[in-house]
Each structure stands twice: as structure tokens, then as C-alpha cells.
Amino acid sequence: SAEEREGPLPFPFLAISPKKQTKTGFSLSDWRNLRNSRHFTLTNRPQKDMITWIYRYDTLFQARGAWLVLCRTRLCFFVSKEVPDMLMRGSQIVMECLLEQGVDTVFGYPGGTILNIYDEFELHGYNEKIHHYLTAHEQGASHAADGYARSTGKVGVCFATSGPGATNLVTGIATAYYDSSPVVFITCNVSENLIGKDSFQEVDITGITMPITKCNFLVKDVNELADVIREAFAIARSGRPGPVLVDIAKNVTAIEGEYQYMPVHEHPNHGRLATLLRRSNRDLKNPEPNRGDIDKLLELISQSQRPMVLVGGGVIRSKGAVPEFRRFIETLDAPVGSTIMGGGACPGDHPLFTGMVGMHGSHASNMATAECDLLIAIGCRFSDRVATDPPSFAANAKIVHIDIDRAEIDKNVQTYHHIIGDARRVLELLNETLPQHDFTAWKAQVFARKELPLKKDDILHAHEILETISDLTG
């Protein structure tokens, strides 16, 4: 049967170009790929309207460089080798751009100015491709999108309306910014002709969030909308991740503009993003660590008698860094402390783990920090919760800071040496040549530190109750 063999399918196809029409074949494997495509949509539109309809709606999808749409009535594929610019409403362009990025989950709360975007879930069936989680408050949506980004490694997406809807996102945006979480926040403002006139629920959300975003945009031209969203996702996920806000004027979501599907790997070569990269004279890849800096750290390790490692959120954020980090610390055989954001990079029951460092840290971690002669800090920002007194922090140690963000170097604590690069890549290079070490005496000194007793009176404290329950239940 046709379902069991390769080769052309047993029904006609039409190839359409601006100049001529020709017949073409299409293999069964191609059909299977198309059937499973995210952009695949069946239609029962009349045959006579199909060609016009192709150029206006979203039933095009790409396979082997061709763009196709399936007509259910006659089982015909219409193929255009030259991909046309389609006219779409701005609200639909937003949804198509999300599909380009592989987005399948968004969080949000609707309101008047963003209703056109929410309507797209029903009007064109995007609710079957993108799952929307409705929260009870915009702040909850912002934190949910942040949590989604942290747990999956993908870019989180959050929707909100203008005015109070947008301002309710601020805490979530700030959290994502300071914890380096990639989230794209999409808000809709009042129509362009009402901006700047103190209109109902008009707020300058781009101005409000400028200090707590990597970048933000106000879109007033529907033909720039796709470019802006592509740039927003690229900025959110590249380098040190962080939040980006796209504020869209309401009228932009209602009028039609040109849209052409573009795979993610092509985004840096086109439009605003290409201009940005040319101007900055760089690409979206993480900076390659300097080999001389790696060798210098290896030399410092070989000279050290009391090394310690401090792990921060950069190891958690960097994809694939945790296995490399664990290999590194076990080869180094040095005590490991953690910031709040670095929790999980080293298991709590690992024999090298001393606990958190700083204000909320363990006695062993803080004493080891004070007594070590080499402190290797990976992906941390030395906040006031860790370095409570920066001038005296690790006063006896040579501090080596590894971070992807050059702006963090020497910002809070002066370092002896630093390496700029993604945590995973730096650790890979270190692990290639780092020999096995043995700091048994130093570890014994660190782990001999007992936690200071917390009880200073005759009052029964909560921690005593919890410790007793833990002891009784095993």
C-alpha cells in the first residue's frame, strides 16, 4: 500500500511560483515529517480561494526548502520555492514568532490592550500548539515564567496587559534580572495615538523596567514586530541570561503587517539582530576562555596548600556545567562552599560540601573561607549575603573569579586573577589537564569545625522541635 512504501504519493501536487506552475512529486517520508510538523494545519477552505489564502494565513510550513500548504478537499500541495511575505495581524505575528522559538508554554493574565493576542489562541488554534497557564495575578505569572526558565533551561514567556498589569510584573522582572534567568515579557500598551497623553491604564513600562532588564522595546510599527521579538529572545538567552521586555502598542496587534517564517539559526543573519551583531563586532556565541588564564589558574592550584571552591548560580545556569563542576571538585579534592543561587551544583551530602557561605552560611564554610590560601569562585557575584565585609573577605587567599559577565569582575571583591567565559567551557578546559590532588589534612581541618550551638536560653526553639522530630523519625 502507499502507506508502506517510499516514493511519490498517489495523488497530484501543484508547484506554484510567481512565473509558472509545474507538477512535482512528494515522498512518503516527506509526508510523515510534515504531518508531525508544529506548523502543520489542515484547512477546508474552498479550492478557488486557496492561493490567496496561502499568502494571508499561517498554514505554510517548511520542508526541504519548500513552503507548502495542504488542501483537504483535493489533497493537493501548493508549493512555493520562493517564500512569500505573508500579511498577518500583529497579534498573529507574535504567536508565529513564539512558534519559531519553539515556545510551547506561556504564563499570563489578560487585560484590555492584550486581548487581540489572547484571541489568537482560539481564532487560529494556537491553543493546540502553545499551552497558556492563567494565573490569578500578573506577579504570579512573572514568577512562574521565571521558574519555568530555571527548571527547563528554555526562555520563559509571560503575557500582561498595560498599566497595572505591566507594573505588577516588576518584582518578577527584577528577580529574573538579578538571578540571570532568561524570560521574555510581552506586554501591550495603549494605542500609539494615545501614548504620552496620560491615557487610561497607560504606563511607561519600558522606562520603569530599563534598570532591571537586559534590553526592552516599545513596538509602534507592525512590520518591525517579528524582528523585535527575534532579537528579544536572542538577547535573553545569550551571554549572561536575563529578562527582556517587549511592549507593543495595541493598534499594532490589530493591523496587518508582513511576516515571513525564519528558522532560529537564520535570525542572526537578518534584520535588527544582524545589525546589532555587526555593530557590536561579535556573535551570539559565548566568549572562549583565554588559555593563558586557564594555565595560570592551574599553576595557582599546584602552588596551593589550602584551596577552596565557591560555587554560584552561574554553574546552575550554564547548560551542562554541573557534571563538569563535580568532576572538577573531585579531582581537585578541595572543600566546596555554595551561595544561595549555587545550591544543587554540589549535593548536600557530598563529602566535599561544607554548606553555604556568608551570612546564612555554615561555620565550616565561613572558617574555611577565612583560612584558605586559594579561593576559586565560579559563577557568583559576591553579594553582601556572601561577602558581608568585602575588604576582609577571604583575606588570606588569592581569589580567582570565573564568570561570563566581565562587569562582575572586581565589582564587589578585588580578585587576584579572573577568567571570562561560560562556566561549562572553563571547567571543561580545566578538567582536561588538572591532575588528581589530595588535600586530606586541609579537609580534616575544615570538617572538624562543628556548628556553633544555637541555644542560648531556656526557651524551646523551633529548630529544636524539628531536630527532635528528625531524630525520632530517623
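In what follows, residues are counted from 1 in the order of the sequence shown.
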Residues forming a side chain to side chain donor-acceptor pair (under 3.5 Å) with D204, sequence neighbours excluded:
T206

Indicate yes or no for a side-chain donor-acceptor contact from [X] to the backbone of [Y] under 3.5 Å, with no hydrogens or angles considered.
{"X": "K197", "Y": "N193", "value": "yes"}
{"X": "N251", "Y": "E192", "value": "yes"}
{"X": "R326", "Y": "A345", "value": "yes"}
{"X": "T113", "Y": "C188", "value": "yes"}
{"X": "N412", "Y": "R381", "value": "yes"}
{"X": "K214", "Y": "S180", "value": "no"}
{"X": "S142", "Y": "Q139", "value": "yes"}
{"X": "W442", "Y": "P307", "value": "yes"}
{"X": "T161", "Y": "P110", "value": "no"}

One thing to verify: whether [Y] and [X] come together as a salt bridge, which I'm taking to mean a side-chain N less than 4.0 angstrom from a carboxylate O.
{"X": "D227", "Y": "R272", "result": "no"}
{"X": "R230", "Y": "E100", "result": "yes"}
{"X": "E408", "Y": "R240", "result": "yes"}
{"X": "D403", "Y": "K411", "result": "no"}

Could you grab the distance from atom [atom1] of [X] to atom [atom2] of [Y], nearest 0.5 Å is fine?
{"X": "L430", "Y": "I402", "atom1": "CG", "atom2": "CD1", "answer": "5.5 Å"}
{"X": "L87", "Y": "I255", "atom1": "CG", "atom2": "CD1", "answer": "11.0 Å"}
{"X": "L123", "Y": "S91", "atom1": "CG", "atom2": "OG", "answer": "7.5 Å"}
{"X": "N290", "Y": "I419", "atom1": "CG", "atom2": "CD1", "answer": "8.5 Å"}
{"X": "R327", "Y": "L427", "atom1": "CZ", "atom2": "CG", "answer": "10.0 Å"}

Worked check of side-chain contact (heavy atoms from CB on, under 4.5 Å) between T209 and D247:
CA-CA 11 Å; T209 60; D247 193 29; over 6 Å; no

Evaluate the salt bridge (Lys or Arg N to Asp or Glu O under 4.0 Å) criterion for residues R89 and E120: first the C-alpha distance (whole Å), next the side-chain angles of each, then the deciding distance (0.1 Å), finally the verdict.
CA-CA 10 Å; R89 286 194 305 276; E120 291 299 329; 3.1 Å; yes

Any pair with a residue in residues 390-420 that passes ring-ring contact (aromatic ring centres under 6.0 Å, His included), sequence neighbours left out, goes on the list, sorted by first then second residue, please.
F382-F393, F382-H401

Residue pairs, two or more places apart or on separate chains, that pass ring-ring contact (aromatic ring centres under 6.0 Å, His included) and touch residues 151-194:
Y118-F159

Of all residues at least two apart in sequence or in a different chain, which pass the salt bridge (Lys or Arg N to Asp or Glu O under 4.0 Å) check with D384?
none

Test item: side-chain donor near acceptor, [X] and [Y], under 3.5 Å:
{"X": "T175", "Y": "D146", "value": "no"}
{"X": "Y259", "Y": "Q92", "value": "no"}
{"X": "N116", "Y": "T253", "value": "yes"}
{"X": "S162", "Y": "N189", "value": "no"}
{"X": "N396", "Y": "E371", "value": "no"}
{"X": "Q436", "Y": "D333", "value": "no"}
{"X": "D179", "Y": "S181", "value": "no"}
{"X": "R424", "Y": "S318", "value": "no"}
{"X": "S392", "Y": "D389", "value": "yes"}

Test ring pair (Phe, Tyr, Trp, His ring centres under 6.0 Å) on Y109 and H137 and set out the steps.
CA-CA 7 Å; Y109 192 86; H137 191 275; 7.8 Å; no

With side-chain contact (heavy atoms from CB on, under 4.5 Å) as the test, would you mind laying out the steps for V103 and V155 before giving the verdict?
CA-CA 8 Å; V103 173; V155 177; over 6 Å; no

Closest approach of G355 and S365, non-hydrogen atoms and distance?
O-OG, 3.0 Å

side-chain hydrogen bond (donor to acceptor under 3.5 Å, both in side chains) pairs touching residues 335-353, sequence neighbours excluded, are E330-H350

Does the gap between the ring centers of F107 and Y133 come in under 6.0 Å?
yes

If the condition is ring pair (Phe, Tyr, Trp, His ring centres under 6.0 Å), which residues does F439 pass it with, not counting sequence neighbours?
H437

